[in-house]
> 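Sharing a structure, written as structure tokens. Questions coming.
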Amino acid sequence: MATNAAVPAPRQEARCPVTAPRAPREVDLAEAEDFITQFHTETTPAETLEGRLHQVRSEIDATGTYTHTLDELTFGARVAWRNSARCIGRLYWNSLRLRDMRHVESPAGVATECVEHLRDATRGGRIRSTITVFAPDRPGNPGPRIHNEQLVRYAGHRTASGKVRGDGRNTDITDLARALGWQRPEPPGRFDVLPIIVSSGTCAPEIFEIPPDAVLEVPLSHPDHEWFADLRLRWHAVPAISNMPLVVGGVTYPAAPFNGWYLGTEIGARNLVDADRYDLLPVIAERLGMDTSSERTLWRDRAMVEMVRAVQHSFDAAGVTMADHHGESKRFLTHVAREEKAGRRCPADWSWIVPPVSGGLTPVYHRYYDEPDPELRPAFISPQRTS
Ligand code: ARG
């Protein structure tokens with residue numbers, strides 16, 4: 001297996017907190033054929049279907065796997081997005097940009113290209129949907145893997161009192177980073193960007209700091225309440241999922257980070273609000289002078305709307321791309337209609353598509369969708385573990 005000579009040997013092996021290396025098997029010929037056929041049905045490649053199938057079969061015969069053309073890989077990644085039943089933002093699936101980094105597999109190389117991905121996708125706030133595809137699994141030779149669930153995540157520091165400072169979702173990955181030698185800021189903060197943790201095929205995770213200038217963040221303020229800025233809340237501009245393997249035509253790309261742009265509710269109604277994340281509604285309600293003595297005053301509901309307003313206002317003021325749940329819901333139904341017209345199923349998971357505030361005010365609430373199909377390919381699949 002190719003490793004970068006500058007990378008230290010996997011000393012952590014014995015006490016490595018993530019599970020044993022995977023041992024990828026031969027590509028399933030039928031899956032490969034199905035994909036190549038789909039590619040030729042939906043697009044008009046230069047070579048003939050028969051010719052390409054012949055090539056793919058002999059390559060699998062000889063090596064146990066095959067190499068996608070750039071067009072096949074781009075199509076595969078786009079269709080994987082189109083097949084993502086939980087994503088409301090699929091209208092633009094066919095414009096996903098692909099960074100072909102299949103030749104990169106050393107942890108240091110992967111980390112460097114993840115940072116480039118962030119710069120390239122962020123563009124000062126005019127965010128572009130982008131995927132970077134690293135080396136695939138090959139028989140007996142697993143590809144690299146990114147342990148973080150997103151390229152940018154805030155640390156969740158466990159404190160002596162049993163509480164968490166920062167994002168409660170990320171305590172485990174924060175522990176892992178520290179076990180691998182991460183020097184966290186002192187004193188630990190609420191919005192400390194975690195290092196990227198990458199292993200090459202074998203179990204040897206390594207940590208890489210992200211240069212601060214590659215992480216665009218938006219300080220949060222409220223359009224009506226000046227005190228809001230004093231809370232010193234912020235969020236990063238780019239959501240880039242990094243732990244979902246991309247599976248195309250029987251080939252698994254375990255490291256294939258992809259990003260879109262945020263929907264205000266993801267931050268304003270979940271990340272900053274969930275009780276096991278930043279749990280900020282009581283703080284907002286108190287500053288707004290609300291009566292929190294009973295749930296029936298609906299103080300949580302009211303505070304949540306103000307939080308979402310602050311998030312949207314701040315991203316707009318900073319010139320950073322952000323969708324809102326009303327617009328995005330309408331766009332999603334346009335997508336569903338287009339898919340139907342193209343004669344395709346459009347699987348969707350209602351509980352993920354409907355926004356976490358004002359569900360019934362959006363058109364996506366008032367209907368059902370094609371059942372998600374876990375076997376559908378190409379796909380981004382659930383991580384085997386999230387460390
Ligand atoms: N909900 C996740 C977060 O808040 C991001 C998931 C992907 N979202 C997106 N708009 N592409 O970080």
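Counting starts at 1 for both ligands and their atoms, following the listed order.
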> Give the residue, atom name and distance (to 0.1 Å) of the protein heavy atom nearest atom 12 (O) of ligand 1.
Y262 OH, 2.6 Å
> Which is it for Q150 and ligand 1 at heavy atoms under 4.0 Å: side chain, backbone, both or neither?
side chain
> Of the non-hydrogen atoms in R184 and R178, which two are nearest, and what is the gap between them?
NH1-NH1, 3.1 Å
> Just need the protein heavy atom nearest to atom 4 (O) of ligand 1, so name the residue and atom and give the distance.
N271 ND2, 2.8 Å
> Closer than 4.0 Å to some heavy atom of W261 - which atoms of ligand 1 meet that?
9 (C), 10 (N), 11 (N)
> Applying ring-ring contact (aromatic ring centres under 6.0 Å, His included), run through Y278 and F191 and close with a yes or a no.
CA-CA 10 Å; Y278 283 83; F191 298 100; 5.1 Å; yes
> I need the single residue from Q312, M322, H236 that forms a side-chain contact (heavy atoms from CB on, under 4.5 Å) with I267. Which is it?
M322
> Hey, is R153 one of the residues with a heavy atom under 4.0 angstrom from ligand 1?
yes
> Which pairs pass salt bridge (charged side-chain N to carboxylate O under 4.0 Å, His left out) with one or both residues in residues 224-239, sequence neighbours excluded?
E217-R234, D224-R309
> Looking only at distances, can you tell me whether any N or O atom of W235, backbone or side chain, sits closer than 3.5 Å to an N or O atom of ligand 1?
no
> For atom 6 (C) of ligand 1, what's the nearest protein heavy atom and its distance?
E266 OE1, 3.2 Å
> Sequence neighbours left out, cut at 3.5 Å: what donor-acceptor pairs do the side chains of residues 131-140 make with other protein atoms?
from: T132; atom 1: OG1; to: R99; atom 2: NH1; distance (Å): 2.7
from: T132; atom 1: OG1; to: H117; atom 2: ND1; distance (Å): 2.7
from: D137; atom 1: OD1; to: R22; atom 2: NH1; distance (Å): 3.4
from: D137; atom 1: OD1; to: G143; atom 2: N; distance (Å): 2.7
from: D137; atom 1: OD2; to: R22; atom 2: NH1; distance (Å): 3.2

> Cation over ring, R78 on W93, under 6.0 Å and within 45°?
no
